[in-house]
Number of protein chains: 2
Amino acid sequence: MKPRIPQYKILYELIRKQIVDGVYKEGDILPSENDLCKVHSLTRPTVRHALDSLVNQGFIKKHQGKGSIVHKLPKGVGILSISGTTSALGSKNLRSEFIIKPKVQPWEDDFIFQLSELELSSGCIYMERIRFFNEAPIFYDVNYIPNINLPRFTSRNLENKSLFDVLRSVYQIEVKGGEQRIKAILATKTIASYLHLKEGAPVLHLERKFETNKPAFNLYSSIYCNTNEQSIYGLF
Amino acid sequence: MKPRIPQYKILYELIRKQIVDGVYKEGDILPSENDLCKVHSLTRPTVRHALDSLVNQGFIKKHQGKGSIVHKLPKGVGILSISGTTSALGSKNLRSEFIIKPKVQPWEDDFIFQLSELELSSGCIYMERIRFFNEAPIFYDVNYIPNINLPRFTSRNLENKSLFDVLRSVYQIEVKGGEQRIKAILATKTIASYLHLKEGAPVLHLERKFETNKPAFNLYSSIYCNTNEQSIYGLF
DNA sequence: TAATTCTACTTGTTATTACAAGTTAATTAT
DNA sequence: ATAATTAACTTGTAATAACAAGTAGAATTA
């Protein structure tokens, strides 16, 4: 009777999942707001709140008089999607491989972002991955997660799963926003070998900080992208 | 009595302007929702709608129990701000210089984005600029604007003004969203000379399409960034 | 004094109601 | 048949109400 998770969020998650899973495809029209009201026993403000969230996340576009049309890709936040790299390129053709499996270690001394005291004191879950798109290595990413209240996280199997989806579904940690720095660099020997490039090839470098719904709990990534074959694509 | 512009939008524009103009500064707390209701003779749903828009645009952040706190910068759309490059770096230290002043010409044959028939038939306002940050050339951007209903546009002085601000304030054209492709490339001789780089230096290349409130009216940019000295920074 | 409780705020969620405005297709009139 | 009108949808805007939940400071208590 006392849902800790609000109704609009439940509906948002449901429709979101249906879009991601392909129940609704690009260009499809969602059931009308009134239909959704009847089916889920909700009122229009609640349904509209859920749809507004979907619009904000870029899953649908609404047209007055017509309906809610499913968009091709989640609206990007920054370059890639807020759901992480997986949903930016579509999970079908993505495979990920650990260079360094998740392990707890202290934060680096000159970290790329300013850390809070809570984050500093609680240590860091560190991991390195390579992500393949159509069997070609596209992303080499280094991830830093504060070791705060994440039981059994390091032993969890993250292969081929979006880090963000796991945090979202298992730990109720949701990304609310963040900041990023982007630059073009020349591949070092290490990066070149991971991304199957020649040393000195142009590589995209992103440093990203993701703020979450948990105060003082942020995620950090340093991502190197091979953009020779394809560009990083994003909606906004 | 029949406001063509909805109340929530009027309030949104008002507060937005107050934030941009510095009436409310970073960290300031806006008047509470109930106060805004009283002052503007509106109800909470309407006021909340306006505040929701401000949250989405990144002007404020809301904290349950505390209030609405003014954010440092408008939430970025894509990498740079929705207001264009100017507000991404702050207009104080930015100076722009035309390589090719705005002129009407046909669209290029193999354009970077798919064009609508209306856009194709109406020709293209073309311009090339270099933008300096602290007297160093950072951006070299090529812009394409459909030549639809923009009286006296080519004769307008755009130096040191954001293209988006002019379109917004003079022509009521507002950017609603868009798409972008990003990659790292090596500077060609031309790009290197514009950005004061050596040929072969790493350069960020963005191809962006901006959708506006006018149907079938999109803006297009191809931007080359020198990210050797500083990164491109964005909030999201 | 220090810790606790309480109270008065803040935003968050949800239901109800009503009408406006844009879209589409069936119906009607020409 | 074609054009115009209408009707039946769709989403958009807005007021009203009530309670939940988080925050901060005042008041109380130990």
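First the proteins, then the strands, lettered A, B, ... as listed; each starts at 1.
Taken residue by residue, residues 36-46 of chain B places heavy atoms nearer than 4.0 Å to DNA chain C at B/R44.
Here the P atom of nucleotide D/dA20 and the CD1 atom of A/I5 are 19 Å apart, to the nearest Å. Rounded to whole angstrom, the span from the CD atom of A/E33 across to the C1' atom of C/dT16 amounts to 16 Å. Put simply, OH on A/Y12 is 14 Å from P on C/dT13, counting in whole angstrom units. The interatomic distance linking B/D52 (CG) with D/dG12 (C1') rounds to 15 Å, in whole Å. The separation between A/K62 atom NZ and C/dG22 atom P is 16 Å, rounded to whole Å.
You won't find any donor-acceptor pair under 3.5 Å spanning the side chain of B/Q7 and the base of D/dA14, going by distance alone.
Residues forming a salt bridge (charged side-chain N to carboxylate O under 4.0 Å, His left out) with A/E108 (at least two apart in sequence, or on another chain): none. With sequence neighbours excluded, the residues that form a salt bridge (charged side-chain N to carboxylate O under 4.0 Å, His left out) with B/K61 are A/E211. Checked against salt bridge (charged side-chain N to carboxylate O under 4.0 Å, His left out), A/E207 has the following partners two or more places apart in sequence or in another chain: A/R181. In terms of the side chain to side chain contact (heavy atoms under 4.5 Å, CB included) criterion, residue partners of B/K103 (sequence neighbours excluded) are, by chain and number, B/I100, B/Q105, B/Y126. Residues meeting the ring pair (Phe, Tyr, Trp, His ring centres under 6.0 Å) test with A/F113, sequence neighbours left out: A/Y220. For B/K17, the side-chain hydrogen bond (donor to acceptor under 3.5 Å, both in side chains) test picks out B/D21, with sequence neighbours left out.
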Result block: side-chain N/O donor-acceptor pairs under 3.5 angstrom for residues 30-43 of chain A, not counting sequence neighbours:
unit_1, atom_1, unit_2, atom_2, d
A/S32, OG, A/D35, N, 3.2
A/E33, OE1, A/R44, NE, 2.9
A/E33, OE1, A/R44, NH2, 2.9
A/E33, OE1, A/R48, NH1, 3.4
A/E33, OE2, A/R48, NH1, 3.0
A/E33, OE2, A/K62, NZ, 2.7
A/H40, ND1, A/L36, O, 3.1

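Summary of the strand contacts: A/H63 and A/K9 both lie near DNA chain C, and taking for each the nucleotide with the nearest heavy atom, the more 5' one is attributed to A/K9.
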Any N/O pairs under 3.5 Å between the protein and nucleotides 24-26 of chain C? List them or say none.
none

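Between the side chains of B/N143 and B/S221, a donor-acceptor pair is found at a separation under 3.5 Å.
Side-chain proximity of A/P6 to D/dT11, C/dT14, D/dA14: nearest is C/dT14.
Of the possible polar contacts, none joining the B/W107 side chain to the B/Y144 backbone as a donor-acceptor pair under 3.5 Å is found.
A close approach under 4.0 Å does occur between a side-chain nitrogen or oxygen of A/R48 and OP1 or OP2 of D/dG12. Distances shorter than 4.0 Å separate none of the side-chain N or O atoms of A/Y8 from OP1 or OP2 on C/dT14.
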